[in-house]
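Below you'll find the structure, written out as structure tokens, and then a few comments.
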Amino acid sequence: MIIQRLKGGSLNNTTLHEEGGVRFIRKSIDLNNNREYGYVRWYSQLKKLQRFAHTGLFPKLLKVEATKDLAYFDIEYLDGYRDIKTILTNDILSHDEIERINNSIWRSFDTLHSSSYPAIKNAGKLYFKEEVLQKYCDAIKYNEFYQYYQHGTFGYNGEIVYGIGSYINELENFFNEVQFETEENIHGNPTLENMMYSFETDKVIFIDPYEESCIDSRLLDYSQVLQCSRSYYGYINDHSVVVDGTSVMFPRAIPENFKILNDIFEDRIDPKYKMIVDVFEATQFIRMLPFKCAAGDIDKAIFFYTHACYLLNKVFR
């Protein structure tokens, strides 16, 4: 029996079920449409949940099934846990409580990232080609997005920003030159919405891991926390954005909890990695574009593309 439909990825369907008094989460995907950004992402998540089960940092994987047009897997329901984005949005929190959440994030990250291996030389070139260049090329195949993109200059919350064409050469050079000594087991998409926290256990459990990262660096995971705590992705994504011609804006005030968590979280990142993390944060908003477009959420694709350009301007100015 379906109890509730939940938010999931851009193209999968996530539902809370109950059978025989036991609750579980089901994530299902269409097997016929949008396979690259639907099924492939769903399947990679399934395998990552399987591989990381031993860490105790992810929900238990219960089973997988396939029908003619649909596939789904079931995972355990995390009783007593809520996603951190919702906690920061809805709760009145003390500084100490936010610090507890931050410490729990880092404990879970440190456990996950403790498994490392030699980095692949020149992986940055593949990341640039597939996660930056290919993603925005896929997005501009959608006419509504392309009509906005081709203007090249935009208004962002009252500021002027330039399109990705102004930064593409610098981005390519950056990823051609960036090298890592090691790579680690990573989540791949640890937004605040994909971290479940319990005040009772003081523990973070990760959901919705992402495989297609090209570079498995802990710095990529850190950047996706900043994507929500510093760029407010999850909060903005829950509300409407304003797209007016070639200008975009977000009219709501951001809850102070996000800013407090961001200050505490950022303080733990080694300053020598600041530029890498900042570039990764900007490119997160490029990587998501075809998912948003495929799901028909063109206004959000336009807004977050403009935000990516705003961040790139801050890095490369």
Side-chain angles (χ1 to χ4, degrees), residues 1-30 38-66 70-91 100-115 184-213 216 218 220-221 224-225 227-228 233-234 237-238 291:
M1 178 175 65
I2 296 177
I3 302 296
Q4 185 180 358
R5 297 192 180 278
L6 306 172
K7 290 185 64 177
S10 300
L11 296 171
N12 68 50
N13 187 33
T14 305
T15 46
L16 171 62
H17 290 245
E18 185 172 314
E19 290 182 6
V22 177
R23 291 190 169 193
F24 59 91
I25 303 295
R26 176 165 293 174
K27 297 183 73 71
S28 57
I29 197 70
D30 189 309
Y39 170 76
V40 171
R41 193 179 193 191
W42 172 92
Y43 178 74
S44 69
Q45 184 178 125
L46 168 69
K47 299 305 291 182
K48 205 158 191 175
L49 286 170
Q50 179 189 30
R51 290 199 304 273
F52 290 169
H54 69 282
T55 66
L57 296 173
F58 294 83
K60 293 178 183 177
L61 186 59
L62 305 177
K63 69 175 180 178
V64 63
E65 295 282 357
L70 190 75
Y72 66 85
F73 61 78
D74 295 341
I75 56 177
E76 70 171 322
Y77 173 68
L78 298 171
D79 192 23
Y81 284 77
R82 289 182 295 153
D83 73 89
I84 294 175
K85 183 210 68 178
T86 296
I87 293 172
L88 297 180
T89 299
N90 295 337
D91 290 14
R100 282 182 64 201
I101 294 171
N102 175 73
N103 290 339
S104 186
I105 292 172
W106 280 98
R107 282 197 303 273
S108 291
F109 268 161
D110 289 346
T111 299
L112 180 62
H113 298 156
S114 64
S115 295
E184 297 83 32
N185 285 345
I186 66 168
H187 180 289
N189 190 29
T191 62
L192 296 180
E193 196 166 26
N194 287 341
M195 297 185 197
M196 308 295 289
Y197 178 74
S198 165
F199 283 100
E200 182 177 350
T201 64
D202 191 25
K203 183 177 180 180
V204 163
I205 299 291
F206 299 121
I207 61 172
D208 290 358
Y210 180 76
E211 181 71 283
E212 307 95 87
S213 297
D216 285 347
R218 66 191 187 282
L220 194 72
D221 272 356
Q224 290 180 303
V225 177
Q227 178 186 358
C228 282
Y233 166 69
N237 202 43
D238 283 345
F291 297 98

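The structure presented is a predicted model; accordingly, all values stated were derived computationally and were not measured.
Side-chain contact check for Asn194 versus Tyr210: every heavy-atom pair is 4.5 Å or farther apart. Here the side chains of Ser213 and Ile186 are in contact, with some heavy-atom distance below 4.5 Å. In this structure, Tyr81 and Met195 have side chains that are not in contact, with every pair of non-hydrogen atoms separated by 4.5 Å or more. By the 4.5 Å heavy-atom criterion applied to side chains, Glu193 and Asp208 are not counted as neighbours. Contact annotation: the side chain of Asp202 approaches that of Arg107 to within less than 4.5 Å [non-hydrogen atoms, C-beta and beyond]. For the pair Glu184/Asp221, no side-chain contact is recorded, criterion being any heavy-atom separation below 4.5 Å from C-beta on. Contact of the Ile205 side chain with the Tyr197 side chain is not registered, since no non-hydrogen atoms from C-beta on lie closer than 4.5 Å. Contact check for Thr15 versus Ile25: no side-chain heavy atoms found under the 4.5 Å cut-off.
Between the side chains of Thr14 and Lys27, at least one donor N or O lies within less than 3.5 Å of an accepting N or O.
Considering NZ of Lys63 and CZ of Arg26, their distance stands at 5.5 Å, rounded to 0.5 Å. Expressed to the nearest 0.5 Å, how far CZ of Phe109 lies from CG of Leu57 amounts to 10.5 Å. Rounding to the nearest 0.5 angstrom, the gap separating the CD1 atom in Ile84 from the CG atom in Asp91 is 11.5 Å. Here Leu62 contributes atom CG and Leu49 contributes atom CG; the two are 10.5 Å apart, rounded to the nearest 0.5 Å. The structure places CG of Asp83 at 8.5 Å from CG of Leu192, a figure rounded to the nearest 0.5 Å. Expressed to the nearest 0.5 Å, how far CG of Asp74 lies from CD of Glu65 amounts to 8.0 Å.
Of all the heavy atoms in Leu46 and Leu61, the pair that sits closest is CD1-CD2, 3.6 Å. For the residue pair Ala71 and Trp42, the shortest heavy atom distance occurs at CB-CH2, 3.6 Å. Shortest non-hydrogen contact noted between Gln224 and Gly188 is OE1-O, 2.7 Å. Residue Gly56 comes nearest to Lys203 through the heavy atom pair O-NZ, 3.2 Å, listed as atom of the first residue, atom of the second, then distance. Summarising the geometry of Val204 relative to Ser108, their closest heavy-atom pair is O-OG, 2.9 Å, with the distance given to 0.1 Å. Annotation for Tyr77 and Arg23: closest pair CB-O, 3.5 Å, computed over non-hydrogen atoms.
Of the possible polar contacts, one joining the Arg100 side chain to the Phe199 backbone as a donor-acceptor pair under 3.5 Å is found.
By the 30° and 60° cut-offs, the orientation of the rings of His17 relative to Phe24 is parallel. Between His54 and Phe52, the two ring planes are perpendicular [angle over 60°; tilted spans 30° to 60°].
Applying the side chain to side chain donor-acceptor pair (under 3.5 Å) test between Lys85 and each of Asn90, Asn237, Asp238 identifies Asp238 as the sole match. Each of Arg51, Gln45, Lys47 was evaluated against Glu211; a single residue qualifies, Arg51, per the side chain to side chain donor-acceptor pair (under 3.5 Å) test.
A salt bridge between Glu76 and Lys60 is absent, with no side-chain N of the basic residue lying under 4.0 Å from a carboxylate O of the acidic one.
With ring centers used as reference points, Phe73 lies 6.0 Å or more from Tyr43.
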Could you give me the CA-CA distance, side-chain angles and deciding distance for Leu112 and Phe206, then say whether side-chain contact (heavy atoms from CB on, under 4.5 Å) is met? CA-CA 10 Å; Leu112 180 62; Phe206 299 121; 4.1 Å; yes
